[in-house]
Chemist: 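Structure provided below as structure tokens; questions to follow.
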There are 2 protein chains.
Amino acid sequence: MLSTTQNYESGTTALHAVHHQTSLHSLFCKQPFEHLTAGKALFFESDDAVDVFEILEGTLRIFRIIADGRRVITGFLYPNDIVGISLGGRYLYSAEAVTSVTLRRLSRRRFDAAVTESDHLRPQLFALVSDEMAAAQDQMVLLSSKNAEERLCSFLLATLRRQAASSGNRTTLELPMGRQDIADYLGLTIETVSRTMTKLVGKGAIQIDGVAARNAITICRPVLLAQMAGDEDDRSREPRLTIVRGGRSH
Amino acid sequence: MLSTTQNYESGTTALHAVHHQTSLHSLFCKQPFEHLTAGKALFFESDDAVDVFEILEGTLRIFRIIADGRRVITGFLYPNDIVGISLGGRYLYSAEAVTSVTLRRLSRRRFDAAVTESDHLRPQLFALVSDEMAAAQDQMVLLSSKNAEERLCSFLLATLRRQAASSGNRTTLELPMGRQDIADYLGLTIETVSRTMTKLVGKGAIQIDGVAARNAITICRPVLLAQMAGDEDDRSREPRLTIVRGGRSH
DNA sequence: CGATTCATTGAGAGGCTTCAATCAGCGTGG
DNA sequence: CCACGCTGATTGAAGCCTCTCAATGAATCG
């Protein structure tokens with residue numbers, strides 16, 4: 001999705017080219033690369049949202065710290081993602097590099113100006129925000145109604161899908177983040193994540209290939225994993241009965 | 001469904017007035033009123049997002065039904081809220097009336113056109129989406145790290161704040177929705193909500209005034225409730241130490 | 001007044017967390 | 001080169017919170 005992969009020094013320097021661009025990513029194409037080493041912060045929740053960023057390489061986590069000091073990770077960001085479009089002056093969350101990260105920066109002022117002018121760009125921005133909203137909804141569903149096993153399976157499948165989309169279908173995936181990150185993202189403890197992972201291995205659903213801290217995982221039985229994720233649409237076997245709960249629709 | 005009753009004939013008929021409007025709400029001002037009785041659906045998750053709605057009176061719940069038939073309520077909508085701006089062709093969730101609801105409808109096509117044209121309206125729409133996003137983030141934090149008591153206190157406080165904003169500061173609030181709705185919104189069961197409510201009464205934090213199914217609640221000790229909500233910013237007493245967790249920022 | 005719906009309360013069970021110890025990989029320094 | 005320490009992951013045991021199942025209570029409506 002949203003290609004525009006690595007436009008290493010395109011020769012185009014014409015400013016009006018912006019108007020021919022079909023992608024939001026083009027806005028960043030003349031910005032210099034920046035690098036973040038693992039663990040470094042990109043911005044904090046309280047910061048003025050002065051810049052917008054395009055991720056070129058690596059993984060970021062976006063999160064909030066709550067009163068008792070715990071951390072809630074609300075999402076991960078990967079290459080081709082754009083971050084910082086949280087409207088309203090201030091970022092809604094902090095962002096840190098999980099791995100080493102390469103990115104480009106654009107001032108919000110220029111980003112907003114470009115989007116305002118272009119009839120091509122505006123729908124793209126809406127689509128982006130829409131995706132973010134949909135992801136937030138999915139996460140709410142996950143957090144409010146799934147158990148540890150379902151959460152982990154959902155996470156593994158989502159990660160697999162994303163990596164398959166960007167680099168061809170595969171049965172193997174890499175988890176750039178550590179167990180603690182996964183735990184904070186799924187609303188679990190690190191121990192539960194670890195135990196559940198072992199349980200999945202025991203069931204033959206997955207296989208842990210990695211030896212280092214950066215884990216690689218093979219999905220042995222994708223279908224089983226999908227069933228265990230708990231958002232199976234297997235309305236095929238049971239009679240169509242849409243309104244079962246919700247009560248007062250008599 | 002959606003009997004288009006009571007078109008209360010506002011006197012203003014000037015079409016060009018639209019361009020002077022400063023508010024998104026103005027877009028709806030010439031639309032006829034519609035009514036929903038409690039429990040009736042406004043739209044479903046799978047529907048084409050053909051319309052946008054302005055709530056004038058009453059309460060709506062927006063939710064998704066997951067595979068096992070359970071319901072996850074992702075939000076409630078109140079007067080002056082606008083619903084249906086879920087970009088991307090299809091609604092992200094279903095919407096049902098909690099109470100009797102009065103609203104106005106506008107086609108997405110016209111809504112989008114108006115927003116696209118007006119430099120006044122666009123920032124408003126962004127602000128709206130931004131609020132929705134912030135609310136989703138808060139809900140994720142609530143669901144992934146708060147216990148039953150903290151969730152209920154947060155909910156009561158949020159409800160109090162909203163009602164205080166719309167009708168003067170007060171210590172009393174009304175819960176238009178039933179216990180099952182609250183439970184599905186907070187990711188709990190109806191029994192836990194009930195028990196926690198009783199516990200709060202026992203602590204003297206709140207008081208239940210209502211006798212009917214539609215409950216009225218008095219906040220006896222707002223400060224206590226805020227403490228129990230768990231998003232207390234009491235960094236005032238402890239030394240400023242922003243980076244305690246998150247690990248690898250050595 | 002009985003039937004229905006919604007809320008409350010109780011008892012038991014289960015899943016996740018907490019606390020704690022062990023294991024594995026990796027870099028550093030002797 | 002190996003010992004040591006550090007970090008991150010795994011495993012174990014006990015406890016707590018919430019869910020599940022079940023019964024009762026309260027209010028509305030025919």
Side-chain angles (χ1 to χ4, degrees), chain A residues 38-39 61 68-72 98-99 142-153 175-202 206-217 228 230 245-250, chain B residues 37-39 68-72 98-99 142-153 175-202 206-217 228 230 245-250:
Chain A
R61 58 178 166 247
D68 59 4
R70 281 180 308 181
R71 185 182 62 166
V72 176
V98 172
T99 64
L142 181 144
L143 291 171
S144 68
S145 69
K146 288 187 176 179
N147 63 23
E149 190 175 280
E150 292 169 330
R151 294 182 194 194
L152 194 53
C153 290
L175 296 179
M177 70 295 289
R179 294 287 187 271
Q180 187 65 61
D181 284 342
I182 299 177
D184 288 350
Y185 179 58
L186 298 181
L188 302 169
T189 60
I190 184 175
E191 294 96 334
T192 301
V193 169
S194 196
R195 270 185 262 268
T196 308
M197 203 78 96
T198 352
K199 196 194 298 179
L200 292 183
V201 173
I206 66 173
Q207 181 182 326
I208 298 184
D209 310 317
V211 278
R214 300 285 169 266
N215 271 320
I217 288 182
M228 289 195 293
R245 278 178 71 116
R248 54 195 75 162
S249 54
H250 51 74
Chain B
T37 57
D68 58 5
R70 280 182 306 180
R71 184 183 63 166
V72 176
V98 172
T99 65
L142 181 145
L143 291 171
S144 68
S145 70
K146 290 186 177 179
N147 64 23
E149 190 176 278
E150 292 169 330
R151 292 182 195 194
L152 194 53
C153 290
L175 297 178
M177 70 295 289
R179 294 289 187 271
Q180 186 65 63
D181 284 341
I182 299 176
D184 288 350
Y185 179 59
L186 297 180
L188 301 169
T189 59
I190 183 174
E191 294 96 333
T192 300
V193 169
S194 197
R195 269 187 264 269
T196 308
M197 203 78 96
T198 331
K199 196 194 300 179
L200 293 183
V201 173
I206 65 171
Q207 181 182 325
I208 300 184
D209 310 316
V211 278
R214 300 285 169 264
N215 272 319
I217 287 183
M228 289 194 294
R245 281 179 70 118
R248 54 196 75 162
S249 54
H250 53 72

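Proteins get letters first, then strands, A, B, ... in listed order; numbering begins at 1 in each. These numbers were taken from a predicted model, which means no experiment stands behind them. Computation of the quantities below employed the complete heavy-atom set of this structure, encompassing side-chain atoms and omitting hydrogens, waters and symmetry-equivalent molecules.
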Chemist: Going by an N to O cut-off under 4.0 Å, is there a salt bridge joining A:D181 and A:R71?
Modeler: yes
Chemist: In whole angstrom, what separates A:I208's CD1 from D:dG8's P?
Modeler: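 In whole Å, D:dG8 P and A:I208 CD1 are 17 Å from each other.
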Chemist: Please give me the minimum heavy-atom distance between A:M177 and A:V98, naming the atom from each residue.
Modeler: CA-CG1, 3.6 Å
Chemist: Going by side-chain contact (heavy atoms from CB on, under 4.5 Å), name the residues that satisfy it together with A:T189, two or more places apart in sequence or in a different chain.
Modeler: A:E191, A:T192
Chemist: Provide, to the nearest angstrom, the distance between the CD1 atom belonging to A:I217 and the P atom belonging to D:dA9.
Modeler: 11 Å
Chemist: Any side-chain N or O of A:T198 less than 4.0 Å from the OP1 or OP2 oxygen of D:dT11?
Modeler: yes
Chemist: Please check this pair: side chain of A:R151 against backbone of A:K146, looking for a donor-acceptor N/O pair closer than 3.5 Å.
Modeler: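 Yes, A:R151 side chain to A:K146 backbone: donor-acceptor pair under 3.5 Å.
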Chemist: For the pair made of CG in B:L142 and P in D:dT18, what is the distance, rounded to whole Å?
Modeler: 12 Å
Chemist: Between N or O atoms, less than 3.5 Å apart, protein on one side and nucleotides 16-18 of chain C on the other: list the pairs.
Modeler:
from, atom 1, to, atom 2, distance (Å)
C:dC16, OP1, A:A148, N, 2.8
C:dT17, OP1, A:T189, N, 3.4
C:dT17, OP2, A:T189, N, 3.3
C:dT17, OP2, A:T189, OG1, 3.1
C:dT17, OP2, A:T192, OG1, 2.4
C:dT18, O4, A:R195, NH2, 2.9

Chemist: Starting from C1' on D:dT7, measure out to CD1 on A:I190 and report it in whole angstrom.
Modeler: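 Those two atoms, CD1 and C1', are 11 Å apart.
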Chemist: Between B:D209 (CG) and D:dA27 (P), how many Å, whole number?
Modeler: 14 Å
Chemist: What is the distance, rounded to the nearest whole Å, between atom CG of A:L200 and atom C1' of D:dT10?
Modeler: 15 Å
Chemist: What integer distance in Å separates B:N215:CG from D:dT28:C1'?
Modeler: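 It works out to 15 Å between those atoms.
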Chemist: Rounded to whole Å, how long is the line connecting atom CE of B:M177 with atom P of C:dC6?
Modeler: 15 Å
Chemist: Tell me the closest heavy-atom pair linking B:I217 and B:D209, and the distance in Å.
Modeler: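 Where B:I217 meets B:D209 most closely, the heavy atoms are C-OD2, 3.6 Å.
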Chemist: Please report the closest heavy-atom contact between A:E149 and A:T196, naming both atoms and the distance.
Modeler: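 In this case the closest contact between A:E149 and A:T196 is CA-CG2, 3.6 Å.
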